[in-house]
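Okay, structure first, notes after.
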Amino acid sequence: MRHLVLALVLVLSAILSQARVAAGFEIEDERSFGPAGAPQLRLLSTTDIAILQPVITAWLQANPDSGLHYVMASSQEVYRAIAEDRAAFDVVISSAMDLQMKLANDGFARPLPAEAMASQPQWARWRDLLVAVAQEPVVLILADGALASPAEAPRTRRDLITLLRDNPDRFRGKVGSYDPAISGAGYLFVAQDARLSDTFWRLAEVMGRLDARLYCCSSDMINDLQAGRLLVGYNVLGSYAVAHGGKGFQIVELEDFTLTLLRTALIPQNAPDPDGAAAFLRFLLSAPGQDLISEGAGLPSVEEAAFERKPHLRPIRLDPGLLANLDDVTRQRFLDEWRAAMVQP
Amino acid sequence: MAVSLRVRLIWQLLALAAVLALGLYLAVRIGAERASEATLDAVLGAAAQGMAEEMRSEEGGVVIDVPPGTFSMLAAMGEERIFYRVDVGGMTVTGYGDLPLPAVPPTALAPVFYSVPFRDADVRVAAVARSIRLDGVATKALVLLGQTREGQDQIAERLGNRAAALGLAVFLVAIPLSLLVARGLTRPIDRLAEAVGRRGPRDLRPVRHPAPAELQPFVGALNTFIGRLRGTLSQTETFIAEAAHHIRTPLAVMRNDAELALRHSGEEMTRARLRGLIRSADDAARSAGQLLDHATVLYRADQAERAPLDLAQLTRAVADRLAPAAEMKDIDLRLTIEAPLPAEGDAVLVEAALRNIIDNAIKYSDADSLVEIIARAAGGKAEITVADRGRGLSGLTHDRLKRRFLRGANVGDVAGSGLGLTIVEEATTAMGGQFTLSPREGGGTCAILSLPLSLS
């Protein structure tokens, strides 16, 4: 019996993995919402399902006859799914602005409903192809035990460099950040960091000297921090930090600049149900939708006032300048430099 | 009726305005497109050259900098899409390997610009070539930088639309303006038509109304026509007068001969025939006289020569001249004449009018009756009334009786041409006077001729 169950599980997992391979891109998670048999809107996203669940639930309550199939993948895989596999999805939401921009620039996106776009500020959309559904700061998180005294709390990158350099024993192996080589978002953040400030390279060197640990995703970083394996997490998505309740760590928005990521949505050119996708986006961009994202899901809504309240917030420019980051040669050269800084001989 | 000049003019002006609006739209649209294309090409070319210049050879290969700032800048206007491609030694090193190459390979000196359709968009590409030293060998490197030009198109379209709107505004302003101009242009024609229309029925003077040069041919033609008409009319009248005159003399001779024959003839039947002959000759002579009178009146009415005259004297003279005819029928002509009655006019016309009135009164009165002739001043006018106890108007209106060759129903045996009252009417009108014919109380007819008195 035990063997039988094991065999079944093996067969099932084989079928499942087969299905995943057939999709052509690697998916991390997927779930169906809504009544069984109902027509499903296919949503591809880099966001954890749990974070968008309140919005999806509200959407399904408003549209009881429809369902939604949520597929979660890493940003690179999301890009590959659309650009290479031409996978059939109705809405693509990704935090990797550069990859989303490349999809839109290269003609993989179809125009979004004009009236929904008109309400968005210029910096939160590109053409009528790409629109920001949430904005979130890219933050520094510090475990409760990271600081010897509150006075040590870093306010700028320069402060952070000093803190790390002055306490190598405390922070060795306890600093975490994205691995830009495997994470699209991580690459975007460091490329923007490098574009905005020279202190980034010094920070990279310091982190390299402290044997920084590299992660694929914000949530892993936060989990390790909460588990005590990390003291400092650099370039963590603010929404994930907030979603984890801030238990056992504090969130710091560095005051020299804090990148603000726009989580952008597009409707692929080959969307099976573009009208349903437009309706879903309209809901996401509406005031109740934005409130749900902001309060329920913990993702800050797209809000111009935030930049006036917090002058250190720098929105990442949503324009084809992002394409330069993705250039293979440039990217390779950047990663080489980054590795040279991180990996100390 | 052919299309009115005004309407035609308006349509032509409107068509002109429409052509102007369209021309303005096209000119601005094309101009804006050219200007912005030149500007944007310069920026795109500089960006491509910048990228090419940044390329350098390093150990292990070529270093290429794809500048995010430049991409942002190139995409800024109208949120353009950006495509690029870098080839080294004929191999695509980075970018979009399927971005089409230029038809003419660029030189190192100047970028080559071309437009290609790429990924559902029209892309403007700048291609720059340079030589790069790779592993000690000079290798040709090619940088292609492309952008969509939707923002430019939008701006050109906006400018074009604005120009078209301007043209349209001109067009709209042109409508009332062209109406105004059309009205102004056709006003002289209206005035001329009014001046010609105001003329009396017998006014055949040439048109002297001031007219613009463009209308002079028309006025000239009109005057030539009037001249011809006048010539024909006067010819006819002269002919009638001549004919009447020529008839009168042989008639008089015939009458004399008939009278002589009557005197010498003793046979009653022959005498009766001769008397009839004499009466017919008289009638013919009278008709001829009236024809002559009529022709004279028409001719003189045209000439309208005015001279001072005394109507009292004139009336008396005419009455005196007709006294023998009255006496023959034992009719008493009773004259009541105020003197003097100074007026201005053509004595011949007035005389003809008076002669015909009094003659009519005598002609249609019974023997042994009374014809009263009263001439007096009344309200600034001289009023000459001739009243008889004759057979009256037999119900015919004055207006009908005045027609040429039309006679009353009760003329009976009385000879006449039907021209008498016509002569009176035309002469009176030419003198600026009035003539009325009405039944007289107690039987008979009352004819009133009134002419303006001269002021002096």
Side-chain angles (χ1 to χ4, degrees), chain A residues 82-83 86 97-98 100-112 117 120-131 187-188 190-196 264 266 268-270 314-337 340, chain B residues 44 47-48 50-52 54-88 91-99 117-123 132 141 143-151 153-154:
Chain A
I82 302 303
R86 311 305 303 269
M97 292 169 72
D98 45 3
Q100 292 281 89
M101 174 56 68
K102 190 161 166 62
L103 285 179
N105 185 71
D106 293 0
F108 293 108
R110 65 162 63 217
L112 301 170
M117 293 297 279
Q120 294 304 105
Q122 187 68 42
W123 54 266
R125 62 189 164 98
W126 186 70
R127 300 176 72 111
D128 54 351
L129 301 175
L130 207 53
V131 66
Y187 174 67
L188 175 66
V190 289
Q192 293 294 320
D193 275 350
R195 195 177 162 185
L196 287 175
T264 55
L266 60 84
Q269 197 61 261
N270 59 339
R314 297 270 172 84
I316 298 174
R317 264 166 81 173
L318 191 60
D319 73 12
L322 290 168
L323 297 180
N325 288 339
L326 292 175
D327 178 75
D328 284 339
V329 177
T330 308
R331 179 180 148 92
Q332 213 47 55
R333 200 163 59 83
F334 182 87
L335 289 179
D336 285 347
E337 270 181 59
Chain B
L44 186 66
M51 261 174 83
E54 291 276 308
M55 280 171 75
R56 59 195 182 277
S57 161
E58 253 180 26
E59 212 177 321
V62 192
V63 175
I64 300 164
D65 251 330
V66 178
T70 304
F71 278 20
S72 292
M73 214 173 62
L74 287 178
M77 191 171 129
E79 305 186 308
E80 306 299 353
R81 292 161 68 177
I82 303 292
F83 303 102
Y84 66 100
R85 169 178 175 175
V86 180
D87 283 14
V88 177
M91 296 274 290
T92 301
V93 180
T94 186
Y96 298 75
D98 51 345
L99 187 64
F118 185 64
R119 306 218 177 187
D120 306 329
D122 285 318
V123 182
I132 191 164
V143 173
L144 308 185
L145 189 54
Q147 66 179 155
T148 56
R149 290 278 167 88
E150 282 160 39
D153 292 348
Q154 276 166 14

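Letters A, B, ... mirror the listed sequences (proteins, then strands); counts begin at 1.
- Closest approach of Arg317(A) and Ser72(B) over heavy atoms only: NH2-CB, 3.2 Å.
- Using a 4.5 Å cut-off between heavy atoms, Phe334(A) does not touch chain B at all.
- Residue contact with chain A, scored on non-hydrogen atoms closer than 4.5 Å, is absent for Thr70(B).
- The parts of Arg127(A) that come within reach of chain B are both its backbone and its side chain, each placing non-hydrogen atoms under 4.5 angstrom from that chain.
- Within the 4.5 angstrom heavy-atom criterion, atoms from both the backbone and the side chain of Glu80(B) approach chain A.
- Under the 3.5 Å distance criterion, the side-chain polar atoms of Asn105(A) are matched with a main-chain donor or acceptor of Ile82(B).
- Most heavy-atom pairs under 4.5 Å with chain B, from the set Asp328(A), Asp106(A), Leu322(A): that is Asp106(A).
- In terms of heavy-atom proximity, Arg81(B) sits nearest to Trp126(A) at CG-CH2, 3.4 Å.
- No part of Phe118(B) comes within reach of chain A, as not one of its non-hydrogen atoms sits under 4.5 angstrom from that chain.
- Looking only at heavy-atom pairs under 4.5 Å with chain B, the residue among Asn325(A), Asp319(A), Leu326(A) that has the most is Asp319(A).
- For the atom pair Arg119(B) CZ and Gln269(A) CD, the distance stands at 12.5 Å (nearest 0.5 Å).
- Ala104(A) touches chain B through its backbone: at least one of N, CA, C or O sits under 4.5 Å from a heavy atom, while the side chain does not.
- In terms of heavy atoms, Pro67(B) sits closest to Ala324(A) at C-CB, 3.9 Å.
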Next item on the list: Mind running side chain to side chain contact (heavy atoms under 4.5 Å, CB included) on Asp65(B) and Arg333(A) for me, showing each step along the way?
Entry: CA-CA 9 Å; Asp65(B) 251 330; Arg333(A) 200 163 59 83; 2.3 Å; yes
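- Atom CG in Asp327(A) sits 3.0 Å away from atom OH in Tyr84(B) (nearest 0.5 Å).
- To the nearest 0.5 angstrom, Tyr96(B) atom OH is 5.0 Å from Leu323(A) atom CG.
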